[in-house]
Every structure is written in structure tokens, then in C-alpha cells.
Amino acid sequence: MAPLAKNIRVYNTLTKHKEHFEPVQPGKVGIYLCGPTVYKESHIGHMVGPVIFDTIKRYLVYSGYNVTWLVNITDVDDKLIAQSRERGLPMAQIAEEMTQDYLSNLATLGVDQIDQLPRATENMGEIILFIEQLIEKGFAYASGGDVFFDVLSDPEYGKLTNRSAESQQGEGGGAADKKHSAADFALWKAAKEDEPFWESPWGKGRPGWHIECSAMSRVAFGETFDIHGGGLDLVFPHHENEIAQSECCHGKPMAKYWLHNGLMRADSASGKLGGRADREEQTEEQAAVQATVDNKISRSTGGGGLADLVARQGGEKIRFFLLRTQYRSTIVFGEAQIAEAATGLETFYRFFERHERVQGRSFHDIQPIASRAEANAADQKPKAAGDTTRAEITRHRENFLAKMDDDFNTGAALSELFDLVHLLNKFADQHNLEDASLRSEQNVAVFQRGAEVLRELSALLGLFGQPAQAASANDAVIGKVVELLLELRGQARGRKDFAAADQLRDALAAAGVVVEDRQGGAGWRIESDDAEVLPPLVEVAIAQRAAARANKDYPLSDLIRDRLAAAGVVLEDRPEGATWRLE
RNA sequence: GGCGCCGUAGCCAAGUGGCUAAGGCAGCGGAUUGCAAAUCCGCCAUCGGCGGUUCGAAUCCGCCCGGCGCCUCCA
């Protein structure tokens, strides 16, 4: 087994301190993350936890641990029942539909490290067994078909959130008359008319909210496991109650480290997504603010949910947006914020293009070193005296790891990646790495080492695994048309007709294609929110051809038509001008 | 009311006792370029306010101002 990195520290909600991370069993880590109740489409707030825990798992695996990560799916719940009634569909069908929505959103955000996705309904036997054990041990009681946890029987109740059972004596909710104490919470709820149910020793019913996590975590990891995670909003009552259930049942700690991610807010005035501000009665002014927010959210997340936002922005931008902030902080959400943050990604994307120009192969084809120990060894290779760039690369790598070691500070770690790219750009500039006749093998090797480190570290964040823009069928056509136009522009530049050259570049820019002149030919990239860049490009080509025909330059005119045809664009000359279609 | 969190440049965001307060976005000046784009170089904050502890505080303590979360089966 690879040597373990021993210097990771995590912030533990239970102790309110950062602690040295040391799993229960050496080398093995179990992570339990509270997943969604699948009653409607995911919103972006549901992605915060999965993205950071996906990153945490990657980092722990890289650091030498054998990690199992579980995300539970709550597929039985009052809100699911309500949805089921509203839509006239079985609860299980809605749950399945929304689970698929959730999973596909996770997939586009690059969350692919989940090992187990247990459903509450698939663990009914374990849940009932757990409740029976609690009753047996005197921590729970059946009452009129319901079963409640007896909060006052647990002397440690409230230790996670620093409150006492006595202080939690509210009105007790709808089932108050069946409870011994108002703070008691349901482990099992008797089924009402028309509600889905499971058979149990207490009659037909369904589990309470908290018990599934106690039961399923025990199935997966045993009585004490390493990391329990969730959103900060789950600390009370959900996690407090999980602790009460599990620790009363087992007489030992449930989880060693409790990690909670911060919540997402729509804007500074309106509170978190789906939070109190979304539910309570509001003043007119608050309602106005909320309406704006709702518009923003509904426009941003679309009628179909998060999927539309992801389609517009791309999963990588959203992942980057989330990781740029330390996971315990509140994130203010807005599509504009995502777009602005994502501008920073361009720096990396341009570097990848540069890497390809230098090396003749894709940055994404570099196999990232997947083990910290192995990577450390690669870093120990003897360096030539005065090889300051190699030393700088190593320094950025070490800084990155130190920041990740400190409670997974992805935001701070990211700064090292930016620094690394700047370093490599500068190095490439200074040593003419893009000019095969001027560069040295040795310098190319240094540059490559930097790229490898960038690949290694960004893989830990789940970034840059593949090219950002998936090639579509249209892209090939666009590419050929752009190449044609750049050739025409190159000819204009060749005869110093800069007016014509600039006119072409401006026309390309208007279509969303940015031109970059460099030795050996012009480069280009699409920089437009609008996917429709092809039509204006073809129009530009047609205009060029019309000009050639006006000059009676028929060879050029025919060349343009033939090249467009080769690209798949067929021209048809008509009295009022040329029209075109895709072949 | 109880339990917590936050307030760092125009915006976002690291840093939580001691070198010149990371990084990103935006902006400005310069190199480069036919002009651009990209890239590179440089500039751009004394840390909500007041007081205290300390040789020394953005970082600890107190008060105040402002924002937010949980206490309601919301990630």
C-alpha cells in the first residue's frame, strides 16, 4: 500500500475545531453524505455537497487512502407523498424520475466518485431492526402506530449543536399528543389513508426522516465510521438526531468527523435557496425581492431544473465556480457570477492550446499521476543547478497540496494553479517554445513537467479531464469555413491590404470567432454565448465571393465556392444574391 | 429569545498573532503586434467601526453597526 499522507486536517462541526485526520481503521475511509429527498428537480444548491465531497474523495484516494463514499437517496417522505398526490403518479415513479435528474446533473458536474447510492426504501428491514433495537434499549417507544425517539433518555442529546433536550420543548408539532416530550421525534410514522406503507411490528407505516441514515450508515460502514457530511442546514435537527439514534443504540460515536458544506444563497437579501424566505409570509418589499430572485432562479435553472443551466454554462464552469470558494462558506449564486468566475477558466484553456502547439499533443492526454507518494517521487528527480523554473513548479505543487491538506481549501489551492500557468507561459515566451528551430529539448522537458503537474493537481479538483468544448458535427463545418476566411485574410495581409484583412477579422469577431495571429499562421477560437456562429460566417464568405465576382476575379470566386462545398456548405446563385444550405 | 456564522480592493475570494495582505474578474500603464487578440512586465486594499490585550493583530477579547443560518422532514 502507498504510504499515507498524514498531514490532512479537517474542520469538525462536532468539536468546532480543525483536527488532524486519522481514520478509524488505518488506511480506510468511509464517507457518508446526506443526499437529496427526490421529490422535485435538483437546483444548484444540491450540487455543492456532492462537488466538494467528490473532491475530498479524490484527494484522500490520491493521498493513499482506500475510500468508500456513499450518498443516500431519500425516496420516501411527506413531500414525496404530496407530489405523488399532486401529479397523480406513484411515489416510487416520482422518486425514480427525480433520482435520474439528480444523477445526470451530478454526472455533468464531473461527480463520478460515488461508490454507493442506497435508497431508504431498499433498506426497510434494517431500518425496522434499528428501531426495534432502540425500543429494546429503552430509548424509543411506540405510541398509537408511531414510534418516537425519547430525547430525554439521551443525556448527550444536543452535543452537536450545543443545545439541551429541555430547551427544545416547542409545541411538538402535529403528533404532540402521542409524544412523551415535545422534543421527541418520529422513528416510524403510521400510514394514513392512501399513503404508501411498509409492514412493521407497529403496523403499516413508513420511516421517520433521520432513521434511514443511522440504519444505512451502519450497513455500509458499521457502528463508527469516519466522515459524515451534509449541508449546514442539516446540522439540526437531522444530524443531531442521527447521533442520538446511533450513539444510544451502539454506545459509541457514530462518526469521527462531521463535515458540513456552506449553503448557497440567491442574493444578499433573500437568504438561501429554498430557505425560510422562500416559504414564509413576506412583506410586500420582501416579496418584490423574492420575485426577482425567483425569476433569476427560474430563468437560470429553467423549467426543467438545473439541467438547462448546465446546458448553457457547462458542467466545468459550474464546478469551477463552486470550488473557487472554501466549502464551508456561503456562496451567492447567480448566472452572472458563474459566468464571471468562469472567465478565469479561459486562462487554462488557452494554456492547453499552447501546450498542444508546443508538444503536438493534447494536454488532456497526459495521464495524471494518481498517487501522492508516486508524484512526490517524480518531484524528487535531481534538478540541474540553477534550474529555477523546475524548482518553482515544485514549489507551486507543494503549496497546492499544503492548502488542500488544510481542510480542503480548494479556493486557495486554485491560486497555485493560476500561478503555475503564468509561470509556464512566461517560460514558453522566454525560451521560444513554440518555435521548433529556436527551442531546446531541455526547456521543452521543463515545460512538460509543469504541464504534468498541472494535470496531476487539476485532476484532484476534477477539472480539465477533457477538452472544454465537446466537438459537435457543426464544429467541423465551422472550422473549415473559418480556415477559408483566414486564408483569404492571410492573402490580404500578404499584399499589405490591411483594410481588407481587418474587415475580415472584424466580421469574424462579429460572428463570435476571435482571431490570434502568430508565427506560422493565425489561430482562432469561438468566443460566443450564441451557438449560431455558422450562418454569419457563411454570409461573410458569400460577401467575399460576391466581391471577387464584381472584380471579375472568377478563379477566386470559384475557389470560395468550392471550398465551401468541401466544407459541406452548398451555394446557390440567384438573381438577388447567393443562398446556402448545409449538405 | 436560544445556538451559530459572516463583514478583506469596484466585484469575487484566500489568509485567523510577526516577511512586501494569495489568486480570479474588471480597470490602468508598458512590452509584443501592421493594427488587434493572446502572452509577458508593472500599477491597483491596512482588512465594517470604536476600545482593549500584546514588543507586534486583518488574525485574540469587549462593545457597536451591517448581513446571514438553524431552532419548522431545506443539500
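The sequence lines fix the lettering, A, B, ..., with proteins before strands; numbering per chain opens at 1.
Under the Watson-Crick or G-U wobble criterion, with both distances below 3.5 Å, B:A26 is left unpaired in every strand shown. Of all nucleotides present, only B:G69 satisfies the Watson-Crick or G-U wobble test against B:C3, with each distance under 3.5 Å. Base pairing of B:G56 is not made with any nucleotide, judged by Watson-Crick or G-U wobble geometry with both donor-acceptor distances under 3.5 Å. When Watson-Crick and G-U wobble pairs are counted only if both distances are under 3.5 Å, B:U39 pairs with B:A31.
Taking atom CZ on A:Phe333 and atom P on B:C68, their separation rounds to 19 Å, with Å as the unit. In this structure, CZ of A:Arg328 is placed 19 Å from P of B:G69, rounded to the nearest angstrom.
Ring pair A:His396/A:Phe400: centre-to-centre distance not below 6.0 Å. When ring centroids are compared, A:His210 and A:Phe185 come within the 6.0 Å threshold. Taking the six-membered ring where the residue is Trp, the centroids of A:Phe351 and A:Phe447 are separated by under 6.0 Å.
Between A:Asn162 and the phosphate of B:G2, there is no side-chain N or O to OP1/OP2 separation shorter than 4.0 Å. Not one side-chain nitrogen or oxygen of A:Thr13 sits closer than 4.0 Å to the OP1 or OP2 atom of B:C5. Here A:Ser329 does not reach the OP1 or OP2 of B:C6: none of its side-chain N or O atoms lies under 4.0 Å away. Regarding contacts with the backbone of B:A38, every side-chain N or O of A:Asn425 stays at 4.0 angstrom or more from both OP1 and OP2. OP1 or OP2 of B:G24 sits under 4.0 Å from a side-chain N or O of A:His422.
With B:C25, B:G2, B:A75 as the choices, the nucleotide that has an atom nearest any side-chain atom of A:Arg163 turns out to be B:G2. The side chain of A:Glu340 sits closest to B:C11 out of B:A75, B:G34, B:C11. For A:Arg265, the listed nucleotide lying nearest its side chain is B:C68; candidates were B:C71, B:C68, B:G34. For A:Arg505, taking side-chain heavy atoms from C-beta onward, the closest of the listed nucleotides B:G69, B:A36, B:G34 is B:A36. Distances were taken from every side-chain heavy atom of A:Phe498 (C-beta onward) to each of B:G34, B:A13, B:C71; the shortest belongs to B:G34. Closest to the side chain of A:Ser415, out of B:G34, B:A38, B:A22, is B:A22. Comparing B:A75, B:C35, B:A38 against the side chain of A:Asp233 picks out B:A75 as the nearest. The side chain of A:Leu263 has B:G69 as its nearest neighbour among B:C35, B:G69, B:A37. Here the nucleotide nearest the side chain of A:Arg350, chosen from B:A75, B:A38, B:C35, is B:A38.
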Let me see the working for A:Phe348 and A:Phe464 under ring-ring contact (aromatic ring centres under 6.0 Å, His included), right down to the final yes or no. CA-CA 9 Å; A:Phe348 294 100; A:Phe464 312 144; 5.0 Å; yes
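If you check distances only, the side chain of A:Asn409 never reaches the base of B:G15 with a donor-acceptor pair under 3.5 Å. Side-chain atoms of A:Asp429 and base atoms of B:C41 include no donor and acceptor less than 3.5 Å apart.
Across the C1' atoms, B:U54 and B:U59 are found 13 Å apart, a figure rounded to whole Å. Of the P atoms belonging to B:C11 and B:G27, the separation is 15 Å, rounded to the nearest Å. Annotation: B:C3 and B:U8 have their P atoms spaced 26 Å apart (nearest Å).
Using modelled atom types and a 3.5 Å distance limit, the side chains of A:His239 and A:His260 yield a donor-acceptor pair.
Across all strands, A:Phe418 comes closer than 4.0 Å only to sugar-phosphate atoms, never to a base (heavy-atom distances). Note on A:Gly523: nothing from the nucleic acid sits closer than 4.0 angstrom, heavy atoms only.
In terms of position on RNA chain B, the residue among A:Arg324 and A:Thr37 whose nearest nucleotide sits closer to the 5' end is A:Arg324.
Cation-pi check for A:Arg265 over A:Phe333 is not met; the charged atom does not lie both under 6.0 angstrom from the ring centroid and within 45 degrees of its normal.
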